[in-house]
Each structure stands twice: as C-alpha cells, then as structure tokens.
Amino acid sequence: HSSRSSTAWGVWCLGGTSADKRCQRDYQRVVADFRAMFVRSLVDEHGMDFTEVSRHLSVSRHMIARVYRRVPDGTQ
C-alpha cells in the first residue's frame, strides 16, 4: 500500500510529513463541510426529510442527521 493519499488532492498530500498530514486533514474538513451544506440545502431549501435524503445518498438516516447537525467551519 502506497503512502499516497487516495483523495482527489492526493497529488498535493503525498508522504508522511506533518505538512502532508495537515493537507489531508484540511481536505477531509472541506469535504465534510461541503457534505453538511449539501445535506442542509436538501432539507432546508428543498423540503426533503432525512429519510428521502438518506435514500438518495444511500446512507443511513442516522448519518444524515449527524451530517445535518455539523456546523461547517467559518459559519455560525
């Protein structure tokens, strides 16, 4: 198994240095923030409930609720 990140930003997050690990954490945070904003948009702006969102995204309602509650960095 390679030390390369399997993320889309993997080319920038190679190896095991602290900068590479920080890059991977930053990428993961950005993806989690986007996911939270996307789920919130489906629920709040498009009127979907957690069950509908979970079916469309093929994840559990519990996961949708958890993602929905996430407050993206930089927002209140």
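Positions are given from 1, in the same order as the sequence printed here. The structure displayed is predicted, hence computed values, not measured ones. Heavy atoms only: backbone and side chains are in, while hydrogens, waters and symmetry mates are out.
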What distance do [X] atom [atom1] and [Y] atom [atom2] have between them, rounded to the nearest 0.5 Å?
| X | Y | atom1 | atom2 | value |
| --- | --- | --- | --- | --- |
| Ser54 | Leu42 | OG | CG | 11.5 Å |
| Arg35 | Arg40 | CZ | CZ | 15.0 Å |
| Gln28 | Arg25 | CD | CZ | 9.0 Å |

Check your understanding: Side chains of Asp44 and Tyr68: closer than 4.5 Å at any heavy-atom pair?
Key ->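 Counting from C-beta outward, Asp44 and Tyr68 do come under 4.5 Å.
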
Practice item. Determine, step by step, whether Phe34 and Val30 satisfy the side chain to side chain contact (heavy atoms under 4.5 Å, CB included) criterion, reporting the C-alpha distance in whole Å, the side-chain angles of both residues, the deciding distance to 0.1 Å, and the verdict. Key: CA-CA 6 Å; Phe34 174 77; Val30 168; 5.6 Å; no

**Study point:** For Met48 against Glu52, the heavy-atom pair lying closest together
**Key:** CA-OE1, 3.1 Å

Revision key, fill the gap. Of all heavy-atom pairs linking Arg70 and Asp33, the shortest is NH2-OD1, 2.7 Å

Expected list for residues 55-65: side-chain donor-acceptor pairs under 3.5 angstrom, two or more places apart:
{"unit_1": "Ser60", "atom_1": "OG", "unit_2": "Met63", "atom_2": "N", "d": "3.0"}
{"unit_1": "Arg61", "atom_1": "NE", "unit_2": "Thr51", "atom_2": "OG1", "d": "3.3"}

**Study point:** Donor-acceptor contact below 3.5 Å, side chain Ser41 vs main chain Met37
**Key:** no

